[in-house]
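Below, read A as the first sequence line, B as the second, and so on, with proteins coming before strands; counting in each chain starts at 1. Every value quoted in this text rests on a predicted model; they were computed, and no experiment measured them. Just the heavy atoms: all of them, side chains too, but no hydrogens, waters or symmetry mates, feed the values below.
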Amino acid sequence: MRAVTVLVVLGVCVASRVAWSASDSCSVCHSDVKTEYEAGVHAATVSCTACHGGDASVPKLEAHDTAKGYRGKIARADVPAVCASCHADPERMRNSGLPVDQFAMYQNSEHGTRLKRGDTRVAVCTDCHGVHRIVSHTEPTSPVAPRNVAATCGRCHSDAQLMGAYKLPADQEAKYRESVHGRALYVEDHPSAPTCATCHGAHGAQEDVSTACGRCHSRTRDYFDEGPHAAAVKQGKMTECASCHGYHELPAPDRTLFETACPTCHAPDSPPALTARKLAAVLTQAEESLDAAEDDVATLERTMPTAARRRSRLDQARSYYLEALPVQHALNVERVEDLTRSARSISDEARSAMHEAQQEYRLRYLWLAGIWGYVFAAGGVAYLYRRERLAQRREREP
Amino acid sequence: MSDSRTVSPIASGAAAPRLRLATRLAGLVVLLFAIEAVSGVLLLVYYRPAADAAYLSIAAINDEVRIGWVVRSVHWWAADLLIALAIAHLVVSYFSRAYARPRRSAWLSGILLFTLVLGFGFTGTLLPWDQYAYWSIDSTRQTIAGIPGIGSFLIYLFWGGWELGGEVLARFFAFHVGILPWMAAALLAAHLVIAWRTGLQERLSAAPGAEPILAVDFWIATLLCIGVLLSAALSAPPALLGPADPLTPLPHVQPRWYFLPARMLLRHLPGAVAGLTVLVLFVLVSAVPLIDGRERPSTLATGARWAIGLAAIGVILWMAVQQYVSA
C-alpha cells in the first residue's frame, strides 16, 4: 500500500513538472503582466521571450539568463527594432494579414528620424499601441481605434511642456475635436472620418500635410489645380488647402470663408475679391432656394401624400449644387453659375408645382362640404320619411 | 318595457321601434367591413407585394393614380373606425350580457371575429413597406415569440424565419388578402346567423311593419358614418415615410393605437410573461359566457360583471395612455 502511495506521489510530481516546464515560467512572478498580456493579440502566438529574451522553460531567476538573450525591460530606443524583428519579417507575418513596412515607414517618419538622432522622448511603437495588452485597431478599446487616435496622439502632443521643446503648439487635439472632421467622428459617429493619422500618416507620421487633403477630396483638388491658386501653390505663396481652410481647427466650410479668407491676400476691390463675391452670391442663392424647397416638401409631405414625388427632383437639384462645391475651387464663376442655375431652377420649379398641388389639395375641403351637404340633405329626407311612417303607425294602432 | 337581461320585443305602437345599441353598432361594423373590402380590392389593382416594389406601388397610388390617395386613406381610416366600433360593440355586448344563453356561440364567434379584425390591422400595417411599417412590425416580434407554446410557431408562420424581409411581406399580404378575408367572411356570416336566430328575428317579428323605419335609421347612421369616415380620410391621409430601411431604425416607433396596451405589457414584462398574459386574457374573455352563463344573474353577479368590466377598461386605457406618452 505504501509503495502505491509513493508511486502516486511520484507520478503527480513528474506530471506537474512536465506540465510546468511546458508552460511559461514568467507568469509565476509577473502574474499582473500576464493578465494584461493575455488580453492582447500576442497571447496566442508570441511568448514573453520573443521580446524579452531568456528561457521561460526554467523556473524563477534562472529564466533571466543573459546567455540565452535575456534583455529585461527593453530600452525605448530599441523598441521599434524589437517589434520589427517580427513585424518587418514577411515570413513571420505571412498569415497575419498585416503589412511589413511599418518599421521602414517609422524610420523615415518624424518620430523615427529623431529617435535615430538619439531623442528618446519621441513616440515609439508601445506609446501608441500599448505594451503588454496590444489589441487590434478594430477593437474599440484600442488606443489606435479611430475614436481614440486623437487622445493617443494628444498624450504627447497636448503636453505643452514637451511640445515646447520642439516649438510645436499643444492645442491640436482640442482644435481637431471641434473641427469638421472631429465633429464627424465624435458627434455624427462617422466611423471613417479622418483622424490625426489620416493626414499625418500613422507609422510614417510627418508634420507636412500640405497635400494630404486631396487624397480624400480628390475632385476638389482636380478643380483647384485648374484654377489660378495652383500656380500660387507652386510658387510657395500659399498652401494647397490650409491657407483658406486652416489646419486642425478646420471649421465646416461655408460662404463666410469668402469674407474671411480671401481678404487676407486680396484687396477688397480687386478682381479676385469681385470673383469671390460673385461665387458667394450664386452659391448662397442656390442653397437658399434648395433649402426653401426642401422645407416645403418636408412640411407638405406630412399632410399631402402627393408631395413625396417632388423629392426625387429636389435630389437632382441638390446634386447640381453639390457638384458646384468642388467646382468653385477652380474659381470659374461661369461654371459654378451653370450648376447653381440648374439647382435653383429645379428647386423653384418644384416649389411652384408643390404650391399648385397644395391649392388643388385644398379643394378637398370643398369636397368635404359637398359630402356633408349630401349627408344632411339625404339624412333630413330620411328623417322626415321616418316621422311620417311613425305618424301612420300611430294612426293605425289604437 | 325593454329588459336588457331578456330578449325584448321592439317597442311598438306610438313609439319608434328600437334595437339594442350593440345591434346598431354591429350594423355599422358590417358596413365598414364592406367598405374595407371594396377599397381593398381597388388598392389591390395597383399594389405589388414585393420588398422592392411595395413602397413604390403605394407611392404611385398616393401620387399618380387618380384619387388613389383617397382610396388608400379611406381604407386606412375605415380600418380604424371598424376596430373602434368593433370594440364598442364588444363592450356594449359585455355590459348588456349579450353573451348569456342562448347567445353564447354569438359571443365566442364575435371574439374570434374581433381577433381576425386585429389580424387584418396587424398584417395590413406592414404592406406599405415604409419605415413605420417595417419598424412597428419588427418591434412586435418579441411579443409574438414570447407567447408560450405557440410563439415560435407563429413567428415561423408569419415571419418564415427570424428576419423581417420580403418573405414576411409576401406572407402578410397572403394573410391580409387571401386568408383572413375568407375566414372573416365565414365567421361574420355565422355571427350574423346566430344573432338573427337568437333574438334579432324575434325582436323584428314582434313589431310587424317596423322594417322601413329601422332601414331609415340604418340609412341615417350610414350617412353619418360615411361622412365621418370621408372627413377623416380627406383631411388626414395616412403618412408614407421613406422606404423600409433595415439599417436605419425608426426611433420611438409606436404600434397602431389598438396595440398600445400590448406594447406596454411587452415593455414592462419579459416576452414570455407578456405573451402568457395576453393568452390568459384572451381565454378569460372568451370564457365569459361559461363563467357567467345563467339566463338571470344574481345581483352579486351583476355587480361583479360591472366592476370587472369597468376595471378592465380602466386598466387597458391606462396602459394605452402610458405607452402613448412614453414615446
Expected output: side-chain B:Y134 to main-chain B:L164 donor-acceptor under 3.5 Å = yes
inquiry  = I'd like to know if the side chain of A:Y186 reaches the main chain of A:E178, judged simply by a donor and an acceptor atom lying under 3.5 Å from each other, with no hydrogens or angles considered.
reply    = no
message = I'd like to check the ring pair (Phe, Tyr, Trp, His ring centres under 6.0 Å) partners of B:F172; sequence neighbours left out, ordered by chain and number.
response = B:F122, B:F158, B:W159
key: A:R318 bridged to A:D291 by N-O distance under 4.0 Å   = yes
task = Indicate the ring-plane relationship of A:H248 and A:H200, choosing parallel, tilted or perpendicular according to the 30° and 60° boundaries.
result = parallel
Within-4.5 Å side-chain heavy-atom neighbours: B:L31 and B:L28 = yes
key: Segment of B:V65 engaging chain A (4.5 angstrom heavy-atom cut-off)   = neither
inquiry  = Less than 4.5 Å to any heavy atom of chain A: does that hold for the side chain of B:L234, its backbone, both, or neither?
reply    = both
key: B:P128 vs B:R72 side-chain heavy atoms within contact, under 4.5 Å   = yes
ask   = Could you name the residues of residues 368-376 of chain A that have a heavy atom within less than 4.5 Å of a heavy atom in chain B?
value = A:L368, A:I371, A:W372, A:Y374, A:V375
key: Spatial distance of atom CD (A:E323) from atom OG1 (A:T340) [nearest 0.5 Å]   = 12.0 Å
query = How about B:L44 and B:F173: do any of their side-chain heavy atoms sit closer than 4.5 Å?
reply = yes
Option among A:R313, A:M354, A:R351 that satisfies the side-chain contact (heavy atoms from CB on, under 4.5 Å) test with A:V297 = A:M354
key: Side chain / backbone / both / neither for B:L224 at chain A, heavy atoms under 4.5 Å   = both
request  = With the side chain counted from C-beta on, respond yes when A:R389 and B:V216 share a heavy-atom pair under 4.5 Å apart, and no when they do not.
outcome  = no
key: Contact listing (chain A partner; residues 243-250 of chain B; heavy atom under 4.5 Å)   = none
ask   = Are there residues of residues 143-153 of chain A that reach to under 4.5 Å of chain B by heavy atoms, and which ones?
value = none
query = Is there side-chain contact between B:V70 and A:R364, with at least one heavy-atom pair below 4.5 Å?
reply = no
inquiry  = As an exercise: rank B:L241, B:V228, B:T222 by heavy-atom pairs under 4.5 Å with chain A and give me the winner.
reply    = B:V228
ask   = Do B:Y47 and B:S57 come close enough that some side-chain heavy atom pair is under 4.5 Å?
value = yes
key: Heavy-atom check, side chain of A:V180 versus side chain of A:H245, under 4.5 Å   = no
ask   = Are the side chains of B:S326 and B:Q323 in touch, meaning some heavy atoms are under 4.5 Å apart?
value = yes
